[in-house]
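No hydrogens, no waters, no symmetry mates; every other heavy atom, side chains included, goes into these values. Counting starts at 1 for both ligands and their atoms, following the listed order.
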Amino acid sequence: MKTTETNDPRTRLAQDLAISVAGALREDLEQQERVILVLSGGSTPKPFMQALSVLELDWSRVDITLADERWVPTDHDDSNDRFVRTNMMINAAANARFHPLVNDEQTPEAGAGEVGERLAGLAWPASVVVLGMGGDGHTASLFPDSEQLNDGLESEAVVIAARAPSVGQPRISLTRDRLMQSRRRYLHLNGADKKSVLAQAMAGSDRQELPIRAFLDAPLALYWAP
Ligand SMILES: O=C(O)[C@H](O)[C@@H](O)[C@H](O)[C@H](O)COP(=O)(O)O
């Protein structure tokens with residue numbers, strides 16, 4: 001793929017990450033009928049998703065899902081479902097299958113059972129999981145101030161419902177156990193603030209304090225730009 005020439009380090013990083021992820025998907029598609037790509041929401045992934053969406057591979061055999069979701073309607077501005085459909089399920093990647101983390105239940109607690117059963121039927125382990133990180137060291141919807149954090153870190157369920165005072169909406173998140181059922185994990189983040197939070201995470205071990213630590217005891221490809 002000829003990446004569009006750019007001097008912006010974050011755009012170049014996003015393009016590099018897209019090339020790496022596409023290579024991983026192509027590699028696994030040579031070995032198995034279907035592959036799973038797990039993406040995070042937020043704002044960082046947008047240029048990465050758009051760069052990945054134009055790359056050529058057999059997208060019809062790729063199952064795309066989310067590391068977490070806000071339990072809002074899929075046309076809501078904060079919906080990761082909407083974010084992925086707008087930025088990822090386009091161009092060549094429009095042929096992939098997207099598996100939402102929401103359903104018609106009113107709460108994630110009511111909906112998590114169906115979501116978990118539906119996702120469990122995909123071809124785990126995932127080929128690729130792309131994680132982000134918040135300034136509080138959260139990843140997916142595993143938040144330091146969430147009463148469900150321990151469940152998210154310890155449970156063998158596919159997903160958990162999660163709520164936290166620091167976030168506006170109820171969430172649903174893949175558990176650490178499920179996110180670790182992946183051949184390759186990437187952490188994609190930008191900026192000096194997140195770099196220092198990650199450095200703090202690497203210097204300690206308390207996962208309750210900085211949940212990203214739960215992903216630092218196994219290979220994790222770090223994609224960071226200033
Ligand atoms: O739904 C979400 O918000 C994400 O899955 C979340 O875990 C995200 O990766 C971090 O909050 C970083 O978000 P930014 O990329 O917007 O900083």
- Are any of the N/O atoms in G134 less than 3.5 Å from those in ligand 1? no
task = Assess whether atom CD of Q32 is packed by more than 12 heavy atoms of other residues, nucleotides or ligands within 6.0 Å.
result = yes
re atom 13 (O) of ligand 1, the protein heavy-atom contact at minimum distance is G42 CA, 3.9 Å
Original post:
Would you say the ring centroid of Y223 lies under 6.0 angstrom from that of H188?
Top reply: no
Nearest non-hydrogen protein atom to atom 8 (C) of ligand 1, with distance, is G41 O, 4.0 Å
Heavy-atom proximity to atom 7 (O) of ligand 1, picking from G135, G132, A140, S40, points to A140
key: D145 and S166: side chain donor to acceptor below 3.5 Å   = yes
Any heavy atom of D68 under 4.0 Å from ligand 1? The part involved is side chain
Ligand 1 to S43 polar contact by distance, N or O atoms, under 3.5 Å: yes
Heavy-atom proximity to atom 17 (O) of ligand 1, picking from M133, R171, R70, K194, points to K194
Is there a donor in the side chain of S141 and an acceptor in the side chain of D68, or the other way round, less than 3.5 Å apart? yes
In ligand 1, the atoms that come under 4.0 Å of a heavy atom of N80 are 1 (O), 2 (C)
Margin query: Assess whether a salt bridge exists between R163 and E109, defined as any Lys/Arg side-chain N lying under 4.0 Å from an Asp/Glu carboxylate O.
Written below: yes
of all protein heavy atoms, closest to atom 15 (O) of ligand 1 is T44 OG1, 2.6 Å
shortest atom 10 (C) of ligand 1-to-protein heavy-atom contact is with H138 NE2, 3.4 Å
Give a yes-or-no answer on whether the side chains of T175 and R178 include a donor-acceptor pair shorter than 3.5 Å.
no
- Is NZ or CZ of K195 both nearer than 6.0 Å to the six-membered ring centre of W224 and within 45° of the ring axis? yes
